[in-house]
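Below: the structure, in structure tokens.
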There are 2 protein chains.
Amino acid sequence: MKLTDSTTESSILEAAKHVFVLKGFEGARMQEIADEAGINKALLHYYFRSKDKLFEAVFIDAFVKFVPTILITLNSNSPLFRKIEVFVDHYIEVLSKNPFIPGFILHELSHNSERLSKIIRTVGLNPDQFSEQVLAEINAGNINPIDPRELLVNILALCIFPFAGKPILKIVLFKNNEEEYAEFLNKRKHAAAQFIINSIKKR
Amino acid sequence: MKLTDSTTESSILEAAKHVFVLKGFEGARMQEIADEAGINKALLHYYFRSKDKLFEAVFIDAFVKFVPTILITLNSNSPLFRKIEVFVDHYIEVLSKNPFIPGFILHELSHNSERLSKIIRTVGLNPDQFSEQVLAEINAGNINPIDPRELLVNILALCIFPFAGKPILKIVLFKNNEEEYAEFLNKRKHAAAQFIINSIKKR
DNA sequence: GTCTATATCCAGATAGAC
DNA sequence: GTCTATCTGGATATAGAC
């Protein structure tokens, strides 16, 4: 978009992303972002007019990076079971490297749905192709009948919830042990896919 | 706890709960809580010393009301399949009446895990009895092998995610139509339980 | 472009009358 | 207990020198 992709601008964006994702819009402080970017507050306002604008840039970036790929993968041409395996494995892997993104997106979306919903629509998420595929498999007698939207929500829930709910799950299941939780997530790449396929597979 | 359960105190708590749950700790304003309770800011500080204290009262109340019942139900004596059906139906029903609670608890827990994790431990959540039951069913050859913790997380994920992710799901799946989403959640009480049971049931 | 200094605003908290 | 008025700190944002 900009030709002058100065180091400053990108380091601001990087710092802002870090702070906003961790603290949320309301909890984030411009001072902290400035510190983390190694500059001062005034420069933040020079590059981005306001906290609002800076946040919007960060949110759009995170949203576009993490959400549409969901449907791109699910709308691909792979056979259904393989698609589910690949998706779950890939998405849990990505989220393991960005564990705070789900909570960030869900929270900000809940609290600014008016302002941010236009972003969602701009991206143009469409689950129709996935739905068609599911219905075709049902008609062919390969899987048990299920509302494709239910299946889609289930897949997303099983991937995302372990991250959004990490703080409490880690305590309840693993006495707050970080390594064990990481191992749990790793096993889950396979286990969650298997759980889904087991449920819909005709036997 | 207090003998003088004045109307004022309870109306403050009610207003505070409403505002905190909707806006989060950082987003909430004492002024808004005072307005909603029909009093002024000074009285808030008279009853609860600070915003922090008021928040803690609200959070504990919400947490104790919504989280431990999860495990009480799952640790009951019902047979596994019936237990899952009852739990899913009951929990989706409860959350339908308090749709913002999941996001509230998950978000605040993520951002104050140090301060709030003692609350979690105080409540004493223990999934062991549920785990035992699952393992017993596996050994008896009634269900397919599965890590009980995976199963627990899956059940919670399928119930909670549709609420935490409501803003985006409503747009992607139903073009933002509220009634259709409510109907989706209603069908889900049965569909989600069936999805789980299908997956673990030996056939 | 980058800084220091400052303006402006607003939220949490307190003082003190009633 | 409840109010009005006020203090105080901190956060966003701007002015203006370099």
Side-chain angles (χ1 to χ4, degrees), chain A residues 1-62 104 107-108 111-112 114-116, chain B residues 1-62 104 107-108 111-112 114-116:
Chain A
M1 187 152 291
K2 287 228 185 73
L3 287 178
T4 55
D5 188 10
S6 62
T7 303
T8 306
E9 181 168 343
S10 50
S11 66
I12 289 177
L13 275 173
E14 202 174 337
K17 182 170 185 171
H18 185 228
V19 175
F20 276 131
V21 167
L22 229 59
K23 311 268 177 94
F25 176 79
E26 301 278 2
R29 296 289 164 256
M30 295 294 266
Q31 184 63 60
E32 191 179 351
I33 295 173
D35 290 348
E36 207 158 298
I39 54 162
N40 58 28
K41 283 188 292 176
L43 258 198
L44 292 183
H45 288 88
Y46 175 81
Y47 278 90
F48 303 82
R49 261 172 32 80
S50 65
K51 186 182 181 183
D52 267 64
K53 303 267 188 213
L54 179 54
F55 175 79
E56 197 154 316
V58 167
F59 183 85
I60 291 176
D61 187 60
F104 172 66
H107 180 256
E108 300 302 334
H111 293 71
N112 298 286
E114 335 75 49
R115 217 186 70 199
L116 299 176
Chain B
M1 184 153 291
K2 287 230 185 72
L3 289 178
T4 56
D5 188 9
S6 61
T7 302
T8 306
E9 182 169 343
S10 51
S11 68
I12 289 177
L13 275 173
E14 202 174 336
K17 183 169 185 172
H18 184 228
V19 175
F20 276 131
V21 167
L22 229 59
K23 310 267 177 94
F25 176 79
E26 301 278 1
R29 296 290 166 253
M30 296 293 267
Q31 184 63 59
E32 190 178 353
I33 295 173
D35 291 347
E36 208 158 298
I39 53 162
N40 58 28
K41 281 191 293 177
L43 259 198
L44 292 183
H45 288 89
Y46 175 80
Y47 278 90
F48 303 82
R49 262 173 32 81
S50 64
K51 185 182 181 182
D52 269 63
K53 303 268 189 211
L54 179 55
F55 175 80
E56 197 154 316
V58 166
F59 183 84
I60 291 176
D61 187 60
F104 172 66
H107 180 254
E108 299 303 334
H111 292 73
N112 298 287
E114 336 76 49
R115 217 186 71 199
L116 299 176

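Predicted, not measured: the structure shown is a model, and the values here were computed from it. Order of the sequence lines fixes the chain letters, A, B, ..., with proteins taken first and strands second; residue numbering starts at 1 for each chain.
- Applying the 6.0 Å contact sphere to CD of Glu14(B) captures no more than 12 heavy atoms from other residues, nucleotides or ligands.
- Residue Ala34(A) is out of contact with every strand shown, counting any heavy-atom pair closer than 4.0 Å.
- Computed from coordinates, the Tyr46(B) OH to dT4(D) C1' distance equals 17 Å when rounded to whole Å.
- The CD atom of Glu26(A) sits 12 Å away from the C1' atom of dA11(D) (whole-angstrom rounding).
- The 5' end of DNA chain D is approached more closely, in terms of each residue's nearest nucleotide, by Ala42(B) than by the other of Met30(A) and Ala42(B).
- Look at His45(B) and you won't find any side-chain N or O under 4.0 angstrom from OP1 or OP2 of dT14(C).
- At the heavy-atom level, Leu44(B) lies nowhere under 4.0 Å from the strands shown.
- Whole-Å rounding puts the Lys41(A) NZ to dT12(D) C1' distance at 7 Å.
- Between Phe20(A) and Phe25(A), the ring planes lie parallel to each other; the angle is under 30°, not in the 30° to 60° tilted range.
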**Request:** Could you go through the side chain to side chain contact (heavy atoms under 4.5 Å, CB included) check for Lys17(A) and Leu13(A) one step at a time?
**Result:** CA-CA 6 Å; Lys17(A) 182 170 185 171; Leu13(A) 275 173; over 6 Å; no

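- With rounding to whole Å, Lys23(A) atom NZ is found 12 Å from dT12(D) atom P.
- With hydrogens and angles ignored, the 3.5 Å screen pairs no side-chain donor or acceptor of Asp52(B) with any backbone N or O of Phe55(B).
- With rounding to whole Å, Glu32(B) atom CD is found 10 Å from dG12(C) atom P.
- More than 12 heavy atoms of other residues, nucleotides or ligands sit less than 6.0 Å from atom NE2 of His45(B).
- Within the 4.0 Å cut-off from OP1 or OP2 of dT2(D), at least one side-chain nitrogen or oxygen of Thr8(B) is found.
- Rounded to whole Å, the distance from CZ on Arg29(B) to P on dA13(C) is 12 Å.
- Tyr47(B) places its OH atom 17 Å from the P atom of dT14(C), with the value rounded to the nearest Å.
- At the phosphate of dT2(C), neither OP1 nor OP2 sits under 4.0 Å from any side-chain N or O atom of Asn40(A).
- If you take CD of Gln31(B) and P of dG12(C), they are 9 Å apart, rounded to a whole angstrom.
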